[in-house]
There are 2 protein chains.
Amino acid sequence: MTAASTTTRDQQREETRERIVAAALEAFAEKGFRGASTRDIARRAGTNQGLITYHFRSKDELWRAAIDRVFATLGTHLLDTATAGQEDPREALREGIRQYVRFNAAHPELFRLMVDEGKSSDERMTWLIDTHMRPRFEAIERRLEADGRIDPALLPHAFYAMVGAGSLIFAVAPECRRLTGLDPETRSAIETHAEFVARLLVP
Amino acid sequence: MTAASTTTRDQQREETRERIVAAALEAFAEKGFRGASTRDIARRAGTNQGLITYHFRSKDELWRAAIDRVFATLGTHLLDTATAGQEDPREALREGIRQYVRFNAAHPELFRLMVDEGKSSDERMTWLIDTHMRPRFEAIERRLEADGRIDPALLPHAFYAMVGAGSLIFAVAPECRRLTGLDPETRSAIETHAEFVARLLVP
DNA sequence: CGTTTGGCTTGTCATCTGAATAAGTTGACG
DNA sequence: CGTCAACTTATTCAGATGACAAGCCAAACG
């Protein structure tokens, strides 16, 4: 069952944890925190439920690890592409939005988790905001205020408009397919949507 | 426990059903279909769980009744205000969007249910689309195609952008409050958001 | 005015579910 | 080669779940 003999213990450990976290992210996004069970997560990860409590003490801790992971992915995704030194600040802004949209196409989990947690203000929600969202939101705030291109009072509206417009179609992809006939997971659909939202917010 | 003596049986029956459906809508939006329990719904409605199986045969049927209700509300809400004969077609479109945003502020449940169901393509999802969403989507389609103001290929993108941009902030109101300090349930915030989204989509 | 009817309540089932432990197994590492 | 960490299997125990059955009580009706 274990990997090849060339695998060290530490490698194996990290590999397994990673596999579990990935499965957890999937399950949490699909069924919400309460709806997802550690048994199901273990099944998806190809192991057993006992191993989860071994690596992560509790379901809560596993959840936090999953969130950490998706935000780390978001961070690297945006960083990898933000360095394209664009002279036109508006076009740079657009490209940032396009990248954000592309990320949502590849990882619709983030949006689902946000909606799932955002409606009730329990401990998980406050942790999620204080740890991951506020830093990100304030970075956007600073960037836009420096340009002086937007009324600060409108910022929350712009932020949630962007997130909603840029994510929903991928989060409800099965619905979109059945309703409109368009498969939003297609490369061309992703690009069209990215361009659409970018032009919407930065005309 | 029962109402005043002036209440007829039929009145009482409808009143109770209505109360249960309202509670169900709330619970389903908050916890999703699986996460919401008929017991919890009964508690919210101020009755007992047995009554739910009496009025509605099953949890599924109750869910359908709840969806019917929220779409009926949406219908009357949009109808009540659509009759304002606007000469400028662009402004008429904007006003329609504003009304849609206002509806979402008053009834964030619709969006939450959509996200909850849209991610998995089970029987409930197909029913929801075929019964309620497609007619609405096609109505928008016809209206916009008549104007010739949008590339039909962009319609799905515009639709999901509008729904996402116009609903998310209200669906995750607690999160928005904590993250940005703005309470999206304020009358002024609702109006600001409505205007913002309307201008976004119809510049 | 009494009987019936139907909305409503209470109580119980049978099942399933969950997270968490505890005791065993295996293989890497010193 | 033995020890210890990674992993598995088995079990516990609490709580919730949807559905149902039997009975209650007031409105409806002749």
Side-chain angles (χ1 to χ4, degrees), chain A residues 1-66 116 120 122-124, chain B residues 1-28 30-66 116 122-124:
Chain A
M1 184 58 64
T2 46
S5 53
T6 55
T7 324
T8 73
R9 269 226 278 249
D10 283 4
Q11 282 177 328
Q12 181 66 20
R13 180 190 175 84
E14 272 318 301
E15 223 170 75
T16 306
R17 282 182 60 106
E18 169 60 22
R19 208 153 25 94
I20 293 175
V21 168
L25 193 55
E26 203 182 291
F28 285 137
E30 204 171 290
K31 312 188 172 182
F33 179 79
R34 279 195 58 190
S37 74
T38 53
R39 274 185 168 79
D40 177 41
I41 293 170
R43 211 176 318 120
R44 289 176 198 240
T47 54
N48 52 75
Q49 189 255 352
L51 192 57
I52 289 184
T53 12
Y54 173 72
H55 278 298
F56 311 87
R57 293 166 155 280
S58 69
K59 195 183 177 182
D60 269 276
E61 196 173 307
L62 174 59
W63 181 84
R64 264 178 264 126
D116 187 49
S120 69
D122 54 9
E123 204 203 331
R124 280 194 309 279
Chain B
M1 183 59 64
T2 45
S5 53
T6 55
T7 324
T8 73
R9 272 227 276 249
D10 283 4
Q11 283 176 327
Q12 181 66 21
R13 180 192 174 85
E14 273 317 301
E15 223 171 75
T16 305
R17 282 182 59 106
E18 169 60 22
R19 207 153 26 95
I20 293 176
V21 169
L25 193 56
E26 202 181 290
F28 284 138
E30 202 172 291
K31 312 188 173 183
F33 179 79
R34 279 195 57 189
S37 71
T38 52
R39 277 184 166 78
D40 177 39
I41 293 170
R43 209 177 320 118
R44 290 175 198 241
T47 54
N48 52 75
Q49 189 255 352
L51 192 58
I52 289 184
T53 9
Y54 173 72
H55 278 297
F56 311 86
R57 293 164 155 279
S58 68
K59 194 182 178 184
D60 269 275
E61 197 173 307
L62 174 59
W63 181 83
R64 264 178 264 128
D116 187 49
D122 54 9
E123 205 202 330
R124 279 193 311 278

Starting at the 5' end of nucleotides 20-25 of chain C, put B wherever the base has a protein heavy atom under 4.0 Å, S where only the sugar-phosphate does, and a dash everywhere else.
BB----
Nucleotide [N], atom [atom2] - distance to [atom1] of [X] in whole Å:
{"X": "B:Gln11", "N": "C:dG6", "atom1": "CD", "atom2": "P", "result": "18 Å"}
{"X": "B:Ile52", "N": "D:dA16", "atom1": "CD1", "atom2": "P", "result": "16 Å"}
{"X": "A:Arg34", "N": "D:dT17", "atom1": "CZ", "atom2": "C1'", "result": "11 Å"}
{"X": "A:His55", "N": "C:dA19", "atom1": "NE2", "atom2": "P", "result": "17 Å"}
{"X": "A:Glu15", "N": "D:dA6", "atom1": "CD", "atom2": "P", "result": "14 Å"}
{"X": "B:Asn48", "N": "D:dT17", "atom1": "CG", "atom2": "P", "result": "15 Å"}
{"X": "A:Lys31", "N": "C:dT17", "atom1": "NZ", "atom2": "P", "result": "10 Å"}
{"X": "A:Leu51", "N": "D:dT9", "atom1": "CG", "atom2": "P", "result": "11 Å"}

Do the side-chain N or O atoms of A:Ser37 get closer than 4.0 angstrom to the phosphate oxygens (OP1, OP2) of C:dT17?
no
What pairs of residues pass the side-chain hydrogen bond (donor to acceptor under 3.5 Å, both in side chains) test when at least one of them lies in residues 54-65 of chain A, not counting sequence neighbours?
none
For B:Ala42, answer base if it contacts any base atom (sugar-phosphate contacts may also be present), sugar-phosphate if it contacts only those atoms, and nothing otherwise; contact means non-hydrogen atoms under 4.0 Å.
nothing
Taking the side chain as everything from C-beta on, heavy atoms only, tell me whether [X] gets closer than 4.5 Å to [Y].
{"X": "A:Arg44", "Y": "A:Ile41", "result": "no"}
{"X": "A:Val21", "Y": "A:Phe56", "result": "yes"}
{"X": "A:Thr38", "Y": "A:Thr53", "result": "no"}
{"X": "B:Glu15", "Y": "B:Gln12", "result": "yes"}

Give a yes or no answer on whether the side chain of A:Arg19 reaches the backbone of A:Ala45 with a donor-acceptor pair at less than 3.5 Å.
yes
Can you give me the closest heavy-atom contact between A:Leu51 and A:Asn48, atom names plus distance?
N-OD1, 3.1 Å
Please report the closest heavy-atom contact between A:Ala24 and A:Ala66, naming both atoms and the distance.
CB-CB, 4.4 Å
Considering only heavy atoms, which members of residues 16-24 of chain A lie under 4.0 Å from some atom of DNA chain C?
none
Rounded to the nearest 0.5 Å, what separation is found between the CG atom of B:Asp116 and the NZ atom of B:Lys31?
13.0 Å
